[in-house]
Participant: 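My questions all concern the structure below.
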Amino acid sequence: MVKKIDPCTLVLFGASGNLSRVKLMPGLFRLDAAGRLPEHMAILSVGRSEVSRDDWLADIKGMLDAKFKNGYDQKVFERFIARNHYFANASDDPDAYKKMSATLGDAKIFPQNFAYFLSVRPTDFAPVVEQLSEVGLLNESQYWRRVLIEKPFGTNLPSAQDLQARLTKHLKESQIYRIDHYLGKSAVQGIMLTRFANAIFEPLWNKEHIDHVQITNNETLGVGERTTFYDATGALRDMMQSHLLQTLALTAMEKPADLKPESIRAEKVKLLQSIRPVDVSNINKQAFRAQYKAGRVCAADGHGENVQGYLEELKRDGVDSSITETYAAVKLFIDNPRWQGVPFYVRTAKRMHEGNTAISIRFKKSPMQLVEGQHQNWLTINIQPRECIKLEIESKIPGLDIATRTLSIDAPQRQKEDETIDSYETLMLNLMEGDPSQYLHISEVEAQWRLVDPIVKAWAADKTPLHQYTAGNRDPEESSVIFETKDQFWRYSIELGGDKH
Ligand code: BG6
């Protein structure tokens with residue numbers, strides 16, 4: 001169902017940055033091409049440097065050319081370009097925000113509902129909001145005013161609460177859109193529908209039938225140029241604190257009363273709040289961390305590539321030692337009637353043998369072991385790169401003997417003719433529609449930090465050198481220390497069939 005969007009202006013802070021060049025501008029263009037932007041919609045890009053409108057428009061053309069190598073519709077291009085404007089927000093100009101307000105005040109060019117996308121340094125979130133407020137640009141007396149905050153929302157619970165306090169001096173909760181781009185991924189959005197639109201899953205989705213759940217994000221990429229950011233952050237905060245805990249919440253939450261944003265978010269909050277805090281006195285049985293060392297990974301073109309270890313990459317930037325994890329695996333339990341006693345293993349790692357994000361669910365042993373070697377059923381919801389649902393069942397091997405083997409029912413969720421939509425496209429559309437259901441409520445952010453903070457703290461206090469794993473390999477053997485039972489093991493890509501079967 002196409003929702004109506006009010007005439008509006010998207011004000012893009014950090015417009016010349018990488019995210020905007022690679023994802024946001026091309027994403028807005030595609031929304032325009034799909035007829036999803038309202039006729040009266042303008043984009044005001046805000047950057048530090050003085051750039052003329054003509055030069056900015058030429059820059060945008062370059063971004064689109066780089067993204068859409070096969071070309072694009074000229075008519076759409078002209079319509080899109082006409083929507084675009086540039087504002088230089090010089091950091092040394094005390095009147096910069098007054099000038100921005102005067103520019104945006106021209107209602108003929110800029111529809112007066114404003115959506116601000118803050119693709120800026122996290123330390124700038126609150127100052128930008130404060131200055132917008134000072135010049136009246138957040139005032140909702142006549143028009144809506146919304147602010148999208150990029151991640152991370154704080155670096156721990158106190159800093160997230162501090163940011164929240166600063167924002168809410170100027171904004172109501174309904175005006176704040178905290179982004180987690182995983183919630184814009186179509187396969188992540190599909191988790192809830194897969195669960196609740198199919199009568200066959202719900203009766204099995206509980207502790208009676210499920211042995212354990214694995215939520216995995218493996219990447220072949222290393223930390224790249226982001227060493228400073230990454231070394232201060234680590235895998236736990238970078239990936240698990242929001243992306244993977246959100247994925248877990250969608251996998252495990254109760255059915256919302258309806259699809260209203262408040263209903264969905266309320267169920268996610270309840271779930272996140274019922275995850276048992278990790279027992280830090282026994283941290284080595286609950287969480288495992290490691291760092292990649294030099295090795296060989298499979299590059300995007302399919303060829304092998306020798307890569308440096310994490311510590312070598314840091315050395316290049318003048319840092320001599322680090323106990324920041326690039327691999328993190330954590331065991332969580334959910335204290336509610338549905339999930340009591342079922343381990344949820346959440347793991348994320350850079351420089352693995354493959355890049356794959358998945359939810360893998362292992363069912364309990366069937367009550368009768370009719371033949372030897374009977375495997376347990378697995379259901380995998382694969383998020384990326386391939387979006388599919390795979391169910392593994394035991395089936396008789398045709399022939400004279402009674403023996404079973406595992407068959408896999410593999411349903412691709414994406415069909416050839418389906419649209420490929422970047423998560424930022426969906427989320428920008430939701431922002432303009434005023435639909436916060438795929439954005440984080442502050443209670444979710446707080447619950448996530450409450451879970452992650454104690455582990456970060458315990459790991460920071462433990463100065464023993466980290467376990468090293470070779471880049472391009474699978475999980476370090478030692479990580480299996482967190483499994484509850486000896487017969488549990490890490491699942492890998494559905495395509496490679498890389499499990500122990
Ligand atoms: C980002 C992290 O939020 O998500 C990156 O900062 C990570 O380190 C990325 O690589 C993963 O996103 P995606 O969409 O590629 O799975």
Side-chain angles (χ1 to χ4, degrees), residues 14 17-20 22-24 26-27 67 117-122 125 148-155 160 177-191 214-248 250 289-292 297-300 307 310 313-314 322 324-329 346-359 381-388 414 420-428 438-440 444-445 448-449 452 456 471 493:
N18 200 43
L19 180 70
S20 154
V22 177
K23 302 248 178 184
L24 307 184
K67 186 81 175 189
F117 193 128
L118 305 196
S119 177
V120 294
R121 282 179 309 194
F125 295 152
L148 182 151
I149 309 279
E150 254 299 333
K151 74 154 228 188
F153 197 92
T155 52
Y177 286 66
R178 300 173 197 81
I179 202 168
D180 175 330
H181 79 277
Y182 265 52
L183 295 183
K185 289 183 192 279
S186 122
V188 172
Q189 295 185 343
I191 299 170
Q214 297 184 19
I215 313 257
T216 304
N217 164 265
N218 282 339
E219 297 180 67
T220 52
L221 295 174
V223 299
E225 300 301 311
R226 300 157 80 214
T227 43
T228 311
F229 158 79
Y230 198 88
D231 204 45
T233 307
L236 198 64
R237 283 193 278 193
D238 185 40
M239 282 301 302
M240 204 175 289
Q241 185 270 339
S242 193
H243 304 330
L244 299 187
L245 286 179
Q246 281 291 318
T247 309
L248 186 156
L250 288 166
R289 61 175 168 163
Q291 260 173 1
Y292 61 81
V297 291
C298 185
V307 294
Y310 179 65
E313 289 175 319
L314 286 185
S322 166
T324 298
E325 76 288 353
T326 61
Y327 176 104
V346 187
R347 78 182 147 144
T348 178
K350 300 242 181 244
R351 289 284 189 232
M352 293 295 277
H353 69 293
E354 64 170 6
N356 201 62
T357 305
I359 301 153
I381 301 177
N382 215 67
I383 307 292
Q384 59 188 22
R386 212 176 137 226
E387 295 162 59
C388 70
R414 177 163 296 282
T420 313
I421 299 171
D422 185 79
S423 52
Y424 278 97
E425 281 168 50
T426 312
L427 293 170
M428 285 193 291
Q438 310 303 336
Y439 284 87
L440 307 183
E444 295 175 75
V445 176
Q448 290 166 184
W449 282 126
V452 162
V456 172
S493 157

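Position 1 is the first residue of the sequence; numbering continues from there. Worth saying up front: this structure is predicted, and the values here are computed from it rather than measured. First listed ligand is number 1; within each ligand, the first listed atom is number 1.
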Participant: Nearest 0.5 Å please: distance from the OG1 atom of T348 over to the OH atom of Y327.
Facilitator: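 Going from the OG1 atom of T348 to the OH atom of Y327 covers 9.5 Å.
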Participant: Within the side chain of Q189, is there an N or O that forms a donor-acceptor pair under 3.5 Å with the backbone of L183?
Facilitator: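 It does hold such a pair.
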Participant: So which of T233, D231, D238 actually passes side-chain hydrogen bond (donor to acceptor under 3.5 Å, both in side chains) with T324?
Facilitator: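 Considering T233, D231, D238, a side-chain hydrogen bond (donor to acceptor under 3.5 Å, both in side chains) with T324 is found only for D231.
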Participant: Parallel under 30°, tilted from 30 to 60°, perpendicular over 60°: which one fits the rings of Y182 and H243?
Facilitator: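 Ring orientation of Y182 relative to H243: parallel.
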Participant: Is a donor from one side chain sitting under 3.5 angstrom from an acceptor on the other, for S186 and E387?
Facilitator: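 Side-chain D/A pair, S186 to E387: present.
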Participant: Let me know which protein residues bring a heavy atom to under 4.0 Å of ligand 1; chain then number is fine for ordering.
Facilitator: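 Around ligand 1, where the cutoff is 4.0 Å for heavy atoms, the contacting residues are K151, H181, Y182, K185, E219, R226, D238, M239, H243, K350, Q384.
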Participant: Verify the distance criterion only: is there a donor paired with an acceptor across the side chains of Q384 and T357 at less than 3.5 Å?
Facilitator: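 Indeed, the side chains of Q384 and T357 share at least one donor-acceptor pair under 3.5 Å.
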